[in-house]
Amino acid sequence: GWREAVAATARALLAGGLVAVPTDTVYGVACLAQDTGAVQSIYRLKGRDGGKPLAICLGDVDRIHSYCQVNVPDELLRDLLPGPVTLVLKRSEELNKDLNPFTSLVGVRIPDHPFVRDVARACSGPLALTSANVSSRASTLTVSEFQDLWPQLSLIIDGGPIGDVQSPECRLGSTVVDLSVPGKFTIIRPGCALTSTVEILRQKYGLVPGSS
């Protein structure tokens with residue numbers, strides 16, 4: 001059942017494990033963001049350059065204030081989240097200093113997927129979340145597409161195919177937008193929700209594009 005799967009996933013994370021989970025965009029691998037050993041394991045799993053940041057994943061918009069310095073209205077956060085958007089904000093002192101130690105910013109995800117949000121709520125701190133693929137390879141929409149990672153994962157939650165596996169657009173991942181400079185937004189990755197995100201930021205909140 002759902003509750004058992006959430007509980008099992010939370011247990012694996014709290015034990016320092018890496019877990020594959022479905023999100024609203026692509027499959028992801030999560031660990032506890034405050035667990036330095038687990039964060040290092042994610043980098044090894046992906047063969048990822050240590051200079052590439054990991055996003056954090058939370059269950060609810062209210063939690064963002066615990067780990068980020070927010071300089072936009074809460075209404076703006078709620079207009080974009082939960083959803084296929086990663087908001088880049090200034091990090092707070094609460095966040096593990098070994099997570100992305102080379103930057104004062106952090107990307108925040110609240111996927112529009114009830115399972116991963118329930119898992120985030122079941123863990124006390126934020127999750128670190130990245131796509132379930134080796135770095136530089138295509139994002140994955142089914143669990144069979146990241147079979148090479150299975151041996152290094154504590155648990156794999158199969159939520160079925162995410163979107164249309166034949167469509168390249170479905171593999172774009174979340175739209176990543178930097179909101180760390182007051183009054184401005186900078187698109188870091190166009191992702192799958194670019195048009196609607198920019199429309200909200202410009203038309204509803206009057207933000208202007210920053211220099212990328």
Side-chain angles (χ1 to χ4, degrees), residues 8-58 67 84-89 91 95-111 113 115-117 119-120 123 125-163 165 168-178 187-192:
T9 306
R11 275 198 304 276
L13 291 165
L14 293 166
L18 307 184
V19 176
V21 290
T23 76
D24 53 352
T25 53
V26 296
Y27 270 87
V29 174
C31 74
L32 294 187
Q34 305 295 70
D35 182 336
T36 296
V39 168
Q40 290 167 344
S41 295
I42 274 199
Y43 275 97
R44 283 196 299 274
L45 173 88
K46 287 183 64 92
R48 186 175 184 145
D49 163 20
K52 278 189 85 174
L54 295 171
I56 61 170
C57 170
L58 301 166
Y67 304 102
V85 183
T86 301
L87 300 183
V88 177
L89 301 161
R91 57 194 286 154
L95 199 57
N96 180 4
K97 290 177 178 52
D98 293 326
L99 181 85
N100 312 336
F102 44 82
T103 174
S104 61
L105 306 177
V106 67
V108 182
R109 277 280 270 136
I110 301 179
H113 193 292
F115 183 81
V116 69
R117 289 173 64 205
V119 169
C123 299
L127 307 179
L129 183 66
T130 183
S131 52
N133 58 315
V134 172
S135 273
S136 79
R137 292 198 199 156
S139 301
T140 55
L141 300 175
T142 67
V143 294
S144 60
E145 290 180 347
F146 57 89
Q147 272 180 0
D148 48 340
L149 304 184
W150 288 6
Q152 299 168 75
L153 299 171
S154 299
L155 193 64
I156 297 157
I157 300 296
D158 188 349
I162 299 173
V165 294
E169 284 76 35
C170 284
R171 297 183 192 271
L172 291 174
S174 62
T175 294
V176 182
V177 56
D178 185 339
I187 300 298
I188 294 173
R189 181 175 74 190
C192 63

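Note that this is a predicted model, so its numbers are computed, not measured.
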Does a donor on one side chain sit under 3.5 Å from an acceptor on the other, for [X] and [Y]?
| X | Y | value |
| --- | --- | --- |
| K52 | S135 | no |
| R189 | S174 | yes |
| S131 | K46 | yes |

Testing the basics here: between [X] and [Y], what is the closest heavy-atom pair and its distance to 0.1 Å?
| X | Y | value |
| --- | --- | --- |
| K97 | R91 | CA-NH2, 3.7 Å |
| A30 | L13 | O-CD2, 3.4 Å |
| Y27 | I157 | CE2-O, 3.5 Å |
| P111 | C57 | CD-SG, 3.7 Å |
| P126 | L58 | CB-CD2, 3.6 Å |

Verify side chain to side chain contact (heavy atoms under 4.5 Å, CB included) between L89 and L105, making sure each step is shown before the conclusion. CA-CA 5 Å; L89 301 161; L105 306 177; over 6 Å; no

Identify whether the distance between the nearest side-chain nitrogen and carboxylate oxygen of D148 and R137 falls below 4.0 Å.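 The answer is yes: the pair qualifies as a salt bridge.
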
Under 4.0 Å between a Lys/Arg side-chain N and an Asp/Glu carboxylate O for D24 and R117?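 No salt bridge links D24 with R117.
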
Does the pair L54 and Y43 meet the rule for a side chain to side chain contact (heavy atoms under 4.5 Å, CB included), with working shown? CA-CA 9 Å; L54 295 171; Y43 275 97; 3.6 Å; yes

Indicate yes or no for a side-chain donor-acceptor contact from D35 to the backbone of A38 under 3.5 Å, with no hydrogens or angles considered.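 Indeed, once roles are kept as given, a pair shorter than 3.5 Å links the two residues.
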
Main-chain N/O of A33 paired with N96 side-chain donor or acceptor, under 3.5 Å: yes

State which residues pass ring-ring contact (aromatic ring centres under 6.0 Å, His included) with Y67; sequence neighbours excluded, sorted by chain then number. none

Quick one: do R109 and T25 satisfy side-chain hydrogen bond (donor to acceptor under 3.5 Å, both in side chains)? Show the steps, please. CA-CA 11 Å; R109 277 280 270 136; T25 53; 3.2 Å; yes

